There are 2 protein chains.
Amino acid sequence: MTVLVLTCEEDLTADMVVAVLHDLGVPLVRLDPADLPGRVHLSADYGTNGFHGYLRTKERMVSLSSLRSVWVRRPGTPGTRAEERSTWLTMESEQALYGMLTSTRARWMNHPAAAAQARYKPWQLHIAQQSGFTVPATLITSFPAVARQFADTYQDLVVKSVSGKHPDDPPLVLPTTRISPDADFTAVAAGPTLLQQHVRKGADIRLTCVGGRLFAARKEADLQEVDSRFAENGVWKPAEVPEHIRRSVATYMTTAQLAYGAFDFAEDANGTWWFLECNQGGQFAFIQLDTDQPIAEAIAAWLAADPLA
Amino acid sequence: MTVLVLTCEEDLTADMVVAVLHDLGVPLVRLDPADLPGRVHLSADYGTNGFHGYLRTKERMVSLSSLRSVWVRRPGTPGTRAEERSTWLTMESEQALYGMLTSTRARWMNHPAAAAQARYKPWQLHIAQQSGFTVPATLITSFPAVARQFADTYQDLVVKSVSGKHPDDPPLVLPTTRISPDADFTAVAAGPTLLQQHVRKGADIRLTCVGGRLFAARKEADLQEVDSRFAENGVWKPAEVPEHIRRSVATYMTTAQLAYGAFDFAEDANGTWWFLECNQGGQFAFIQLDTDQPIAEAIAAWLAADPLA
């Protein structure tokens, strides 16, 4: 049984997991969907004996029925490295590849359908509340007057991206920004805006969930910096996970049908962890490098697990 | 409790269903997501009492907690009718709207996650086989040699779009086309290609499934035309649904988590219905106009049903 890793060519984070899988002696195929068609080939036939398919890269060929798991890391867009690129080719290639892969019995980290749903920030906040997390008062609105009223109530505010695009994605960086309660909110009418009560935090918490295993890390907050997740200063240190957080994480992951999730919390002076977001495709290498927590090992173990076990 | 209809302004098919809902006295809001922001406004807040949101159009305001169902007909893309259009605005608006809507308890026809999965043609064929339908031998491949071998085996072939884009979507029309077994298949390497055994059909069957209700219609095939679904000639007439087809449809709909599906079959000389595709957003007005089958009425009844019943 083979592990399929979908990611781009230069992905040092994937390299960490691949190295562990090699050590474990687990067969794996790594490919970038951007290389279909051209350097990645596929075939599936539907006959009287059901559905049979396979993938071929330069190095390997793998039957779809022998896939044990699929890890969606940082896959490129199908068709984008072809000689004649077009929207049509991308659609056809994307449908062929993911249509075949989702027809297999492989376990997914994460399944594309679950991943798409889990990216919705308004849904994240809702599921977080339902899972028992402490969620900062949040407003998503296109009504300037409602934004004005929210600012009057909470005074100390931040504005964020609704779509929750992470600074991991360079084209769409919008860090969380603190705003004055006297701000002019008329621009809210031009697009839905997310305002959130500013949590006065003593530390950032990153909790990485891999299957049932949790790895939490704490970094003392730089008080000058609102969105200190990506600040240069400070080092991540391992943190204990409170029991009630453990239960909420389990509920969240089950509701969202995720195998992997990177939760961001703000820890206040009372030690309360305020839920900020759960990034289903969040980075983990920077945590592992600081804390020595074996996250790559946990991912490899999850991917390598016997699907019938 | 209110029904939400997401569709563009000029949609005669939606008008049919809306008219029935009006007759039933069911409150409804119809809006085009393309009008957010600008003519459609939204707001949601997450506080200590959970999540509360509402939508406002020119005519109406509706609380998200009072939504009974959402009908995704032909919605425009959020942000595309704004004064200052951008990919960013579309993403933010799309995330705000669908993130909020998928957080409600409303029933969906169809849920966006299920719809996205159900569009995958390779997955459709797999689920169809698993549901017990008779599926024509089909190959999806980027290997010219495999295509060549398939053609040698089946001789009489058609080529289709993998992504299964329907002629409903004008920009991407690719009707099913008959090809010669002597064709040159080298171009298959340039993009995954779907080849299918040509079913010699006596009639086209369109089966529309609305919740648990099935409406089948038959049209005698024009033998000159391979893809006669959209041919000018012929009239659709009501057809009986064989019991085994009824069971397979139920399995398919449950597996795919769909509330609505438009199945296309080719009926051969033996009366066998060969599964061609299931379009989760397929048209039905042309069937209703020919057959007088009350499909719009069934959709309205499904949307109007008590969610707690």
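As the structure is a prediction and not an experimental result, all values here were calculated from the model. Numbered from 1 within each chain, the chains take letters A, B, ... in sequence-line order.
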Return the orientation label for the A:Tyr252 and A:Phe263 ring planes: parallel under 30°, perpendicular over 60°, tilted otherwise.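 Taking A:Phe263 first and then A:Tyr252, their aromatic rings stand perpendicular (interplane angle over 60°).
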May I ask you to decide if the ring planes of B:Phe265 and B:Phe133 are parallel, tilted or perpendicular, using 30° and 60° as cut-offs?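 Answer is tilted, since the angle falls between 30° and 60°.
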What verdict does the side chain to side chain donor-acceptor pair (under 3.5 Å) test give for A:Asn270 and A:Thr272, after you've listed the backbone C-alpha separation in whole Å, the side-chain angles of each residue and the deciding distance to 0.1 Å? CA-CA 6 Å; A:Asn270 300 319; A:Thr272 299; 5.1 Å; no
In terms of heavy-atom pairs under 4.5 Å, which option from [options] contacts chain B the most?
options	value
A:Ala44, A:Ala147, A:Gly53	A:Ala44
A:Ala114, A:Ser103, A:Ala82	A:Ser103
A:Ala113, A:Ser142, A:Gly191	A:Ser142
A:Gln129, A:Gln130, A:Gln196, A:His52	A:Gln129
A:Phe143, A:Phe150, A:Tyr98	A:Phe143

Is any side-chain heavy atom of B:Lys160 closer than 4.5 Å to a side-chain heavy atom of B:Lys121?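 B:Lys160 vs B:Lys121: side chains touch.
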I want to check something: taking the side chain as every heavy atom from C-beta on, are B:Thr90 and B:Thr80 in contact at a cut-off of under 4.5 Å?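 A side-chain contact under 4.5 Å exists here.
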A:Asp35 and side-chain hydrogen bond (donor to acceptor under 3.5 Å, both in side chains): which single residue from A:Lys58, A:His41, A:Arg81 fits?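 Among the candidates, only A:Arg81 passes.
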Among B:Val146, B:Ile140, B:Asp45, B:Thr141, which has the most heavy-atom pairs under 4.5 Å with chain A?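 Of B:Val146, B:Ile140, B:Asp45, B:Thr141, B:Ile140 has the most heavy-atom pairs under 4.5 Å with chain A.
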Per-residue contact mode, [X] against chain B (heavy atom under 4.5 angstrom):
X	result
A:Pro78	neither
A:Glu94	both
A:Ala116	neither
A:Tyr54	side chain
A:Leu89	side chain
A:Ala190	backbone

Can you give me the closest heavy-atom contact between A:Ser43 and B:Leu139, atom names plus distance?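 Answer, listing the atom of A:Ser43 first, then B:Leu139: OG-CD1, 3.8 Å.
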A:Gln117 and B:Thr102: side chain donor to acceptor below 3.5 Å: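 Short answer, yes.
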Would the distance check show the side chain of B:Tyr46 and the main-chain N or O of A:Pro122 forming a donor-acceptor pair, the cut-off being under 3.5 Å?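 Looks like yes, one N/O pair under 3.5 Å.
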Give, as side chain, backbone, both or neither, the part of B:Ala96 having an atom under 4.5 angstrom from any heavy atom of chain A.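 Backbone plus side chain of B:Ala96, per the 4.5 Å heavy-atom cut-off to chain A.
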